[in-house]
Amino acid sequence: MWEFPLFPEQASTIAGGVDSLYLFLVGLTAFFSVLIFTVIFVFAIIYRRRSDDERPEAIEGSHALEIFWSVVPFVIVMVIFTWGASLYFRNARSPDDAMEVNVVGKQWMWKIQHPEGRREINELHVPIGRPVRLTMTSEDVIHSFYVPAFRIKMDVLPGRYTTAWFEATKAGEFHLFCAEYCGTEHSKMGGKVVVLDPPAYERWVGGEEQGESLADLGARRFIELRCENCHYPGAGERGPSLAGLFGRIVPLEGGGTVEADESYFRESVLNPRAKVVAGFQPVMPTFQGQISEEQLLELIAYVRSLKAPQGEGR
Ligand code: HEC
Ligand SMILES: [Cu+2]
């Protein structure tokens, strides 16, 4: 049945689950559509008015019937809800051991950075059987990262990060599309995901075009932009240490807290006054216009690589 050409190949761990839910919904809808139309026709014939003075009998109502047609739809809707929600959560939460890949969309291409430093355009190489987490942003307008064979589609927005994850189950090449109309050459904004078996992937990622790792690039950038003047362990008043930042709950000046994730990091660099860390002065300059989306992602990779010193706060 999966050979039916309307369905793209199933090439990720989530694909089967998505298709089952989809088919269930289509089947359910078809069943009730047929049932309702049949009943309309049958009743129209059986209960047609046979003469001008025919008056139907008054109906008193039936509790049993009322309960029946309330409970049955309720049960069906709850099945759809729990099934849909559990699939949604499975799809929304990436496994902790996922490989991190950065994606930057721009008119009209996909730019991809691997943690080891390899970059590619309109192609994404990944190994089979390993979860891959995409952190995505756009340099201009809204795009959408869509790989039908993996059953994943996630909007890619300027000014913030979105994530998606998948685990490929088949070697081969799969279409990658932009699924959000983004300008003249939107229809050409696509490419392919190349799924390799793990040894082939290791060879690919260690190939000739090997650059510096993202974290190393980020470390250089951290010095060039003079972040390290204020951010080093024990900088005290000058600035908080960024080691172990991601996942930390940061207390803010003026009350409240924020969980440090990629979006918080981005905002802290581009608009430092938006959220000031409690106990610090708002002295950090903005880096708006001095740093590209890709460089920001490199800085994130670098800060991620800094492990929090044991037992020491900021
Ligand atoms: C002039 C000193 C200074 C420089 C330069 C500076 N920062 Fe900051 N930074 C601060 C201070 C002070 C804070 C805390 C107050 C605040 O949140 O604005 C801070 C906060 C942050 C935070 C939030 C940290 C937390 O614990 O929640 C991040 C992330 C950050 N800076 C990253 C950077 C990066 C990346 C650079 C370089 C591109 C940089 N900073 C350059 C002084 C600086
Ligand atoms: Cu696009």
Side-chain angles (χ1 to χ4, degrees), residues 103-111 121-122 136-147 153-158 161-162 176-191 215 217-254 256-293 295-306 308 312-314:
V103 176
V104 177
K106 74 175 269 206
Q107 286 167 323
W108 287 276
M109 63 171 94
W110 295 108
K111 298 192 284 185
I121 286 183
N122 293 340
M136 305 189 284
T137 189
S138 164
E139 280 181 20
D140 38 48
V141 300
I142 301 181
H143 302 281
S144 186
F145 190 94
Y146 180 31
V147 185
K153 179 162 76 180
M154 180 52 80
D155 281 1
V156 176
L157 308 164
Y161 295 116
T162 51
L176 159 64
F177 295 111
C178 176
E180 184 67 53
Y181 180 62
C182 59
T184 324
E185 286 175 40
H186 160 69
S187 61
K188 294 186 195 147
M189 182 169 168
L217 285 168
R220 267 230 315 277
R221 200 79 58 199
F222 201 75
I223 294 169
E224 274 167 23
L225 293 169
R226 313 208 184 291
C227 313
E228 40 118 44
N229 284 3
C230 307
H231 293 288
Y232 53 89
E237 295 266 287
R238 292 181 72 87
S241 160
L242 300 183
L245 176 68
F246 287 100
R248 193 192 283 164
I249 305 292
V250 179
L252 298 177
E253 199 63 56
T257 56
V258 61
E259 184 181 344
D261 59 6
E262 291 95 342
S263 298
Y264 169 71
F265 183 92
R266 187 175 187 286
E267 186 186 57
S268 297
V269 175
L270 299 183
N271 185 11
R273 304 224 164 170
K275 297 195 179 73
V276 175
V277 185
F280 290 91
Q281 296 298 314
V283 293
M284 175 165 158
T286 170
F287 290 86
Q288 186 87 50
Q290 299 175 43
I291 182 166
S292 74
E293 292 297 345
Q295 293 168 348
L296 263 169
L297 288 164
E298 290 161 11
L299 281 176
I300 289 176
Y302 167 64
V303 171
R304 227 180 240 300
S305 73
L306 303 172
E312 195 192 308
R314 41 180 80 237

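One-based numbering, in listed order, for ligands and for the atoms of each. Here the structure is a predicted model, which means the values were calculated and not measured.
- Residue Ser268: no N/O/S atom is found under 2.8 Å from atom 8 (Fe) of ligand 1.
- Using a 4.0 Å cut-off between charged side-chain N and carboxylate O, Glu259 and Arg248 make no salt bridge.
- Applying side-chain contact (heavy atoms from CB on, under 4.5 Å) to Tyr161 and the options Leu297, Val103, Val156 leaves one that passes, Leu297.
- Here the NE2-CH2 distance, from His186 to Trp108, works out to 11.5 Å after rounding to the nearest 0.5 Å.
- Counting heavy atoms under 4.0 Å from ligand 1, residue Gln281 touches it through the backbone alone.
- Atoms of ligand 1 found under 4.0 Å from any heavy atom of Val250 (numbered from 1 in listed order, with element): 27 (O).
- The distance criterion of under 3.5 Å between nitrogen or oxygen atoms is met by Val277 with respect to ligand 1.
- The closest approach between any non-hydrogen atom of Pro282 and ligand 1 is not below 4.0 Å.
- A salt bridge links Arg304 with Glu262; the closest basic N to acidic carboxylate O contact falls under 4.0 Å.
- Within the 4.0 Å heavy-atom criterion, the part of Pro240 lying near ligand 1 is the side chain and not the backbone.
- If you number the atoms of ligand 1 from 1 as listed, the ones under 4.0 Å from a heavy atom of Val276 come out as 15 (C), 16 (C), 17 (O).
- Using a 4.0 Å cut-off to heavy atoms of Phe280, the atoms of ligand 1 that qualify are 14 (C), 15 (C).
- Rounded to the nearest 0.5 Å, atoms OH (Tyr181) and OG (Ser187) are 8.5 Å apart.
- Among Arg266, His231, Glu228, the residue whose heavy atom lies nearest to atom 19 (C) of ligand 1 is His231.
- Electrostatic pairing of Lys111 and Glu293 does not count as a salt bridge here, judged by no charged N lying under 4.0 Å from a carboxylate O.
- With a heavy-atom cut-off of 4.0 Å, Val269 touches ligand 1 through its side chain alone.
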Working note: Met109 + His143, criterion side-chain contact (heavy atoms from CB on, under 4.5 Å); need CA distance, chi angles, decisive distance, verdict. CA-CA 10 Å; Met109 63 171 94; His143 302 281; over 6 Å; no

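- The Pro272 neighbourhood of ligand 1 comprises atoms 18 (O), with distances under 4.0 Å to a heavy atom of that residue.
- When each atom of ligand 1 is checked for a heavy atom of Leu245 under 4.0 Å away, the hits are 25 (C), 26 (O), 27 (O), 29 (C).
- In the vicinity of Tyr264, heavy-atom distances shorter than 4.0 Å reach the ligand 1 atoms 23 (C), 25 (C), 27 (O).
- Counting just the N/O/S atoms of His143, the one with the shortest distance to the Cu ion (ligand 2) is named ND1.
- At most 12 heavy atoms of other shown residues, nucleotides or ligands fall within 6.0 angstrom of atom CD in Gln281.
- No part of Arg221 comes within 4.0 Å of ligand 1, judged by heavy-atom distances.
- Proximity to Phe265 (heavy-atom distance under 4.0 Å) selects the following atoms of ligand 1: 29 (C), 35 (C).
- Under 4.0 angstrom from ligand 1, there are no non-hydrogen atoms of Val303.
- Residue contact annotation: Cys230 places no N/O/S atom under 2.8 Å from atom 8 (Fe) of ligand 1.
- To the nearest 0.5 Å, atom SG of residue Cys227 and atom CZ of residue Phe287 are 5.0 Å apart.
- Close to ligand 1: Lys275, with a non-hydrogen atom less than 4.0 angstrom away.
- Inclusion of Arg226 in the set of residues having an N or O under 3.5 Å from an N or O of ligand 1 is not warranted.
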